[in-house]
Amino acid sequence: MDLGLKGKVAIITGGAKGIGRGCSEILAQEGANLVINYRSDPENAEKVAKELRETCGVEVITVQGDASLPETVDKIFDEAIKKYGTIDILVNNAGGGGVKKNFEDLTYEEWKRVLNNNINGQFLMCRKMIEYWKGLGRGGHIVNVVAKCCVISNSINNQAYASAKGALLSLTRSLANEVTKYGIYVNGINPGYVMTERVHRPGSERYIQKLPLLPTGEFATPQDMGNVVAFLCSPQACQMIGTVVDCTGGTLL
Amino acid sequence: MDLGLKGKVAVVTGGTKGIGRGCCEALANEGANLVINYRSDPDGAENVAQFIREKYGVEVLLVCGDASKEETVDKIFDKAMEKYGTVDIVVNNAGAGFAKKDFENLTYEDWISGQDNNLNGQFLMCHKYVKYWKGLGRCGHIVNIISKACLMTNSINNQIYCSAKGGLMTLTRTLAHEVTKYGIYVNCVAPGYVQTERLYQPGSPEYERKKQFLKTGEYAKPRDIGNVVTFLCSRQARQIIGAVVDCTGGMLL
Ligand SMILES: NC(=O)c1ccc[n+]([C@@H]2O[C@H](COP(=O)([O-])OP(=O)(O)OC[C@H]3O[C@@H](n4cnc5c(N)ncnc54)[C@H](OP(=O)(O)O)[C@@H]3O)[C@@H](O)[C@H]2O)c1
Ligand SMILES: NC(=O)c1ccc[n+]([C@@H]2O[C@H](COP(=O)([O-])OP(=O)(O)OC[C@H]3O[C@@H](n4cnc5c(N)ncnc54)[C@H](OP(=O)(O)O)[C@@H]3O)[C@@H](O)[C@H]2O)c1
């Protein structure tokens with residue numbers, strides 16, 4: 001299936017590790033040029049960029065910064081336009097950093113920090129792109145990465161993260177409702193248990209604990225998520241609007 | 001993106017017209033061989049089969065019969081096995097709305113008849129497939145076509161159809177829960193307003209009236225639904241399990 005992504009320009013926040021990296025890889029394999037935002041570990045980001053340039057023959061730039069800050073959002077946008085002159089796709093992947101505590105012990109500062117990282121930065125990125133696309137009278141694609149904890153409440157002591165992701169899910173749907181008429185597609189993916197260095201590293205305690213819960217007997221890979229993200233950015237998915245695709249590997253059943 | 005469907009065998013019920021045909025063409029475009037069930041208009045069916053063979057270079061077997069009847073389901077599988085030796089994919093597409101009446105005027109026969117066409121035949125197909133597939137230890141796929149009508153209540157005087165589709169949605173999820181461990185992926189797709197030969201022909205009053213509701217300003221095409229169905233049958237979608245994929249073009253927002 002030719003997803004028609006050759007030569008498109010895609011921004012992936014937090015795109016050098018984990019699910020973000022999976023999205024970068026698959027979009028590059030489909031021929032998209034990339035803007036990879038990362039926060040820490042510049043050597044890793046450079047390595048990923050080089051690898052994708054070499055294996056996929058696409059162009060890749062990296063932009064350092066915390067994607068929840070307005071100045072980073074501006075910087076990502078400006079550098080993308082400087083390099084490519086256009087932006088077609090935004091993958092709001094950056095997120096995480098939940099604080100697990102009994103609710104009464106969660107401080108307001110912690111709550112705000114988690115919300116910044118999982119919904120406020122995503123708001124800023126979306127607003128930037130909508131302003132840009134609408135201004136030019138052209139369309140684009142946004143894919144937001146939510147989490148199953150906003151649909152199912154089994155992730156305990158995790159209210160800040162779950163609430164932020166719930167907000168992102170609703171933002172996805174309500175924004176889609178507003179901007180579809182401008183040709184702007186807003187969708188989301190809902191990952192379940194994805195094997196990444198940080199979250200479910202093979203052999204880690206969390207990995208061993210979660211494995212028996214998985215209906216397929218396997219963790220998802222970041223590439224699995226990237227495949228769905230790439231599909232959502234294609235014309236083939238044109239009837240998917242404000243859709244949050246359940247990619248939880250059956251863990252919501 | 002290579003979906004890896006070359007040489008797979010896909011059964012599509014009610015596959016010579018409308019959304020079913022869109023599914024057949026999308027699957028054939030990825031190299032899948034087809035078993036197309038149809039109910040009426042054998043000449044039309046033969047034309048479609050020949051068109052698909054020539055355009056996509058795949059094999060096509062036609063099986064006539066009402067897919068809500070046990071003997072047809074048996075016949076579909078027997079003929080498929082005879083020709084191809086396997087069935088990898090089942091798309092339960094056959095189905096249709098029922099005469100719209102005030103609830104109190106519905107007869108029990110109406111109720112049963114609508115249910116036969118939209119839920120019971122699909123049960124029989126799933127049943128047959130799972131029985132066949134369970135011991136094989138390979139990946140197989142079922143995709144059920146439901147409708148937005150079972151997710152929102154704006155389709156009035158339509159309880160029979162809505163209820164049956166709601167049943168099919170829940171069958172999808174509960175069956176996924178049971179058979180994922182055998183490598184059988186079960187998902188469903190909810191179309192919104194899809195333009196077919198039968199529905200929403202330009203110029204009809206229905207066409208103009210519904211058009212105002214469409215978020216994109218355009219009707220979906222059968223192929224749009226077929227593309228999503230096809231993606232769901234791929235390895236790339238392997239974390240999508242028991243999912244209800246919203247392809248309503250934003251109608252549920
Ligand atoms: N893994 C799962 O099972 C799972 C399940 C559901 C949802 N998710 C969601 O999927 C997304 C990616 O998660 P992941 O599992 O791939 O996590 P990960 O392995 O920790 O990778 C996340 C990457 O994003 C970066 N990042 C985080 N916040 C950022 C920010 N504000 N600005 C810039 N970069 C930022 C991180 O940078 P640093 O390296 O500097 O920390 C890291 O490189 C998150 O939104 C997460 O909530 C993951
Ligand atoms: N079009 C939409 O907007 C829409 C929206 C939501 C859901 N859907 C669902 O999508 C599916 C396809 O609908 P469509 O709009 O493509 O309808 P369509 O244009 O009427 O085509 C349906 C095809 O399936 C056949 N069929 C129906 N029941 C059958 C049975 N029991 N056995 C064998 N063949 C059967 C029909 O045969 P005949 O020609 O003999 O009648 C017809 O060829 C249905 O399940 C429908 O409920 C459609």
Side-chain angles (χ1 to χ4, degrees), chain A residues 1-5 26 29-31 139 170 172-183 185-187 189-194 214-221 223-232 234-253, chain B residues 1-5 26-27 29-31 139 172-183 185-187 189-194 214-221 223-232 234-253:
Chain A
M1 187 175 277
D2 178 2
L3 301 181
L5 299 178
I26 304 293
Q29 281 167 21
E30 294 301 309
S170 294
T172 303
R173 291 173 51 80
S174 58
L175 183 58
N177 203 351
E178 181 170 327
V179 300
T180 301
K181 57 175 170 292
Y182 307 111
Y185 286 79
V186 189
N187 288 294
I189 64 159
N190 196 354
Y193 296 101
V194 186
L214 307 180
T216 60
E218 282 178 298
F219 280 85
T221 65
Q223 291 75 13
D224 292 334
M225 301 301 113
N227 283 321
V228 181
V229 167
F231 182 75
L232 284 171
S234 74
Q236 281 86 349
C238 66
Q239 285 299 312
M240 298 173 80
I241 293 178
T243 299
V244 177
V245 184
D246 175 353
C247 306
T248 65
T251 56
L252 293 180
L253 299 177
Chain B
M1 186 174 277
D2 177 2
L3 300 182
L5 298 181
L27 286 160
N29 196 41
E30 299 302 312
C139 267
T172 303
R173 291 174 52 78
T174 53
L175 184 58
H177 197 136
E178 182 171 326
V179 300
T180 299
K181 57 175 171 293
Y182 305 111
Y185 286 75
V186 193
N187 288 292
V189 166
Y193 294 111
V194 186
L214 305 178
K215 290 279 184 310
T216 59
E218 282 176 81
Y219 283 89
K221 294 181 201 62
R223 183 64 178 269
D224 297 335
I225 307 302
N227 285 328
V228 178
V229 167
T230 301
F231 181 72
L232 287 175
S234 74
R235 188 182 53 80
Q236 281 84 349
R238 65 182 186 171
Q239 285 296 314
I240 306 181
I241 294 178
V244 180
V245 182
D246 173 356
C247 300
T248 65
M251 290 313 303
L252 300 178
L253 300 177

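Just so we're on the same page: letters track the sequence lines, and every chain starts at 1.
- A distance of 8.0 Å separates CE in A:M1 from OG in B:S234, rounded to the nearest 0.5 Å.
- Interatomic distance, OH of A:Y185 versus CD1 of A:I241, reported as 5.0 Å (0.5 Å rounding).
- Contact annotation for B:E30: only side-chain heavy atoms (C-beta onward) come within less than 4.5 Å of a heavy atom of chain A.
- Note: B:I241 leads B:I241, B:V228, B:I225 in heavy-atom pairs under 4.5 Å with chain A.
- Once rounded to the nearest 0.5 Å, the distance linking CD of A:E30 with CG of A:N227 reads 8.0 Å.
- Two residues are said to be in side-chain contact when any heavy atoms from C-beta on lie closer than 4.5 Å; A:V229 and A:I26 fail this criterion.
- Judged purely by atom type and a 3.5 angstrom limit, A:N187 has no side-chain atom pairing as donor or acceptor with the backbone of A:V244.
- Contact of B:D224 with chain A is made through backbone and side chain together, with heavy-atom distances under 4.5 Å.
- Looking at A:Y193, there are no atoms closer than 4.5 Å to chain B (heavy atoms on both sides), in backbone or side chain.
- In terms of the side-chain contact (heavy atoms from CB on, under 4.5 Å) criterion, residue partners of A:A220 (sequence neighbours excluded) are, by chain and number, A:V194, A:D224, A:M225, B:Q239.
- Heavy atoms closer than 4.5 Å to chain B are found in both the backbone and the side chain of A:V228.
- In terms of heavy-atom pairs under 4.5 Å with chain B, the best-connected choice from A:L5, A:N177, A:T180 is A:N177.
- Of the listed residues (A:A237, A:G217, A:P215), the greatest number of heavy-atom pairs within a distance under 4.5 Å of chain B belongs to A:P215.
- Using a 4.5 Å cut-off between heavy atoms, B:Y185 contacts chain A through its side chain alone, with no backbone atom that close.
- A:D246 is linked by a salt bridge (Lys or Arg N to Asp or Glu O under 4.0 Å) to nothing, counting only residues two or more places apart in sequence or in another chain.
- No donor-acceptor contact under 3.5 angstrom links the side chains of A:E218 and A:T216, judged on distance only.
- If you tally non-hydrogen atom pairs under 4.5 Å between each of B:K181, B:H177, B:K221 and chain A, the highest count goes to B:H177.
- The contact between B:T248 and chain A is made entirely by backbone atoms, counting heavy-atom distances below 4.5 Å.
- In terms of heavy-atom pairs under 4.5 angstrom with chain A, the leader among B:G242, B:A237, B:G250 is B:G250.
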